[in-house]
Amino acid sequence: MDEKIYLIVEKYLHEKGLSHDIAATFEDVLIIDQKSDIPSRSSIKDTRSRLARDFFLNIPVVSANMDTVTESQMAIALARLGGIGFIHQFLPIEKRVREIEKVKRADSGIIERPFTVGPDLNLRAAREMMKKWQVSGLLVVDSDTQKLVGILTSRDVRFEDAEDKKVAEIMTEMPLITALSGTNLEQARVILKKNKVEKLPLVDEEGHVVGLITAKDILKIEQYPLALRDPKGRLSVGATVGVSGDFLTDAAALVEAGADVILVDTARGFSTRLEDAVTRLKNELGADFPVVAGNVDTPEGALMLIQAGVDAVKVGIGPGAVCKTREGPGVGMPQLTAVAECAAAANAHGVPIIADGGIRGGSDFCKALAAGASSVMMGWIFAGCEETPGEQFYEDGERWKIYRGSASLEFQISRVDRDESEKLRAPEGVPRRVRYRGEAKGAVEELMGALRSSMSYVGAWTLEEYRRVAKFRRQTASGYTEGKPI
Ligand code: XMP
């Protein structure tokens, strides 16, 4: 290690109560109790933290870009709660774009480009569109003038069984309750309430559709006060690309669809390939667009990515619940040390760390942040949740879902976009069945409850303070056992 980095890392570890000699992980340490003026965990209101240089989360929770963890449903659930999900990279680009679009259309304050149909379309086709896009209404516009002529809602189609009927025969025709472009959400709320309608099309002076506001979306905004939203009021979402193939054009398409941050992800992040990919992505997307990259597990790896221009470094090699990297190639670093050392190096550059993998519950989550991470990416914690992709199944009298490593043999075989000629690699991951655990909201509440409590023990009102003041003490194996209920 370069002597200057060594000294920075050494000092940081010393201040944290960690040692440079032995790499440690979550179970090896405890967070030290400190004098606190926080009356109770519920007094802590501010849990904002940086995901990337200039990109804040309302809670430091990130779902893993894995095919059994994050597609649009999980991303929607997390963004509503204030975190973020990264849509995985293992789908053809059109499908990834579609997943991003689904997030952007969920709970959108103002839908800028609502789905429209012509009055001559038949009911069958209209129903298919509603199903495909998971929307309960379509605006009907005149095919020539493109002006609004009606609306087709689920109520209009519910009991209609003549599938060949034209939309014009079934829709609710003009005059409808509409508002002019520029109407804001508060004004829309008043109009929707007064007229007892569910949908408010926005039109320009000539009657062309320029947007749509729905009662459901307004209620969602009130229901999820911490929701992470983009400047247009839509839920935020991350997208992932790899380092090979058309990753530059893929990234551009994902950003065009509305992705708020791009993750460039590869198992071996300390590589010239990732360095080059980051530089090219920053050039392609512009200096201000957040690009995060990983995975690395050393300060040198983190610094290489920072010099290439990343806005956050993702840290973790082999700590994951379905990882075999440490068993196979024997490479990796216990995660607490990896996070602390990378944070030490990245702090000086103002670049945040995403701790990725190895979190089994609230205390690991807290320790990752206390070690210096600004956000925590998790797969295992969310595997088995309602919102993960994949079917539920019953076995041994219980309900399960599948969670599998992205480098597992099973995953490689099933890859939808796998080129038949592509060779299977020695697996560095495994598949597991995991108990069905209900909505992701429950898992997030558990994590955040533990974090608020930990912040109150340490006396930190904000996460920035928590990261700064939290310190560890190494514990013995019997100390660890003592800490477990009998
Ligand atoms: P957790 O512990 O939260 O970890 O389930 C999720 C992270 O694990 C990584 N990952 C893998 N690592 N082989 C590996 O060595 C794999 O097959 C694999 N699949 C996922 C990834 O960083 C993820 O975010």
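One-based numbering, in listed order, for ligands and for the atoms of each. Computed from heavy atoms alone, side chains included, the values below leave out hydrogens, waters and symmetry copies.
- Rounded to the nearest 0.5 Å, atoms CZ (Phe86) and CD1 (Ile262) are 8.5 Å apart.
- Shown in contact with Met378 at under 4.0 Å from a heavy atom are these atoms of ligand 1, numbered in order with element: 3 (O).
- Not a single heavy atom of Phe411 sits closer than 4.0 Å to an atom of ligand 1.
- Comparing Ala383, Gly357, Pro431, Ala355 against atom 4 (O) of ligand 1, the shortest heavy-atom distance belongs to Gly357.
- Given atom 21 (C) of ligand 1, the protein heavy atom at minimum distance is Asp356 OD2, 3.7 Å.
- Residue Gly379 has at least one heavy-atom neighbour below 4.0 Å for each of these atoms of ligand 1: 1 (P), 3 (O), 5 (O), 6 (C).
- Of all atoms in ligand 1, numbered sequentially from 1 with element shown, those under 4.0 Å from a heavy atom of Met377 are 24 (O).
- When hydrogens are left out, the protein atom nearest atom 20 (C) of ligand 1 is Met66 CE, 3.3 Å; that is the closest non-hydrogen contact.
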Residues 369-382, side-chain donor-acceptor partners within the protein, below 3.5 Å, at least two apart:
none

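- Classification of Arg98 and Glu94 as a salt-bridged pair fails, no side-chain N sitting under 4.0 Å from a carboxylate O.
- Among residues at least two apart or in separate chains, side chain to side chain donor-acceptor pair (under 3.5 Å) pairs with a member in residues 429-438 are Glu386-Tyr436, Glu395-Arg433, Asp396-Arg433, Glu398-Arg435.
- Of all the atoms in ligand 1, the ones that sit under 4.0 Å from a non-hydrogen atom of Ala407 are 16 (C), 17 (O).
- Between the side chains of Asn65 and Gln89, at least one donor N or O lies within less than 3.5 Å of an accepting N or O.
- The closest protein non-hydrogen atom to atom 15 (O) of ligand 1 is Thr325 OG1, 2.4 Å.
- Residue contact check: Glu428 has heavy atoms under 4.0 Å from atoms 13 (N), 14 (C), 15 (O), 16 (C), 17 (O) of ligand 1.
- Checked by atom type, the side-chain pair Glu27/Tyr480 shows a donor-acceptor distance below 3.5 Å.
- Set against the non-hydrogen atoms of Ala64, the atoms of ligand 1 under 4.0 Å away are 24 (O).
- At least one heavy atom of Gly358 lies less than 4.0 angstrom from ligand 1.
- Looking at ligand 1, you won't find any N or O of Arg404 less than 3.5 Å from one of its N or O atoms.
- Contact atoms of ligand 1 toward Arg360: 2 (O) (distance under 4.0 Å to a heavy atom of the residue).
- Polar contact with ligand 1: present for Ser406 (N/O pair, distance under 3.5 Å).
- Residue Gly429 approaches ligand 1 through these ligand atoms, each under 4.0 Å from one of its heavy atoms: 13 (N), 16 (C), 17 (O).
- With respect to the salt-bridge test (charged N to carboxylate O, under 4.0 angstrom), the residues Glu101 and Lys104 do not qualify.
- Side-chain contact, Thr68 with Thr388: no donor N or O sits under 3.5 Å from an acceptor N or O.
- The existence of a salt bridge linking Lys441 and Glu445 is confirmed by a sub-4.0 Å separation between a basic side-chain nitrogen and an acidic carboxylate oxygen.
- Residue Asn295 touches ligand 1 through its side chain alone, judged by heavy-atom distances below 4.0 Å.
- Salt-bridge check for Lys471 with Glu15: failed, with every basic side-chain N at 4.0 Å or more from each acidic carboxylate O.
- The shortest N or O to N or O distance between Cys323 and ligand 1 is not below 3.5 Å.
- When only non-hydrogen protein atoms are considered, atom 6 (C) of ligand 1 lies nearest to Tyr403 OH, 3.6 Å.
- For the residue pair Asp276/Thr279, the side-chain donor-acceptor check at 3.5 Å is not satisfied.
- Taking the charged nitrogens against the carboxylate oxygens, Arg234 and Asp107 have no contact shorter than 4.0 Å, which rules out a salt bridge.
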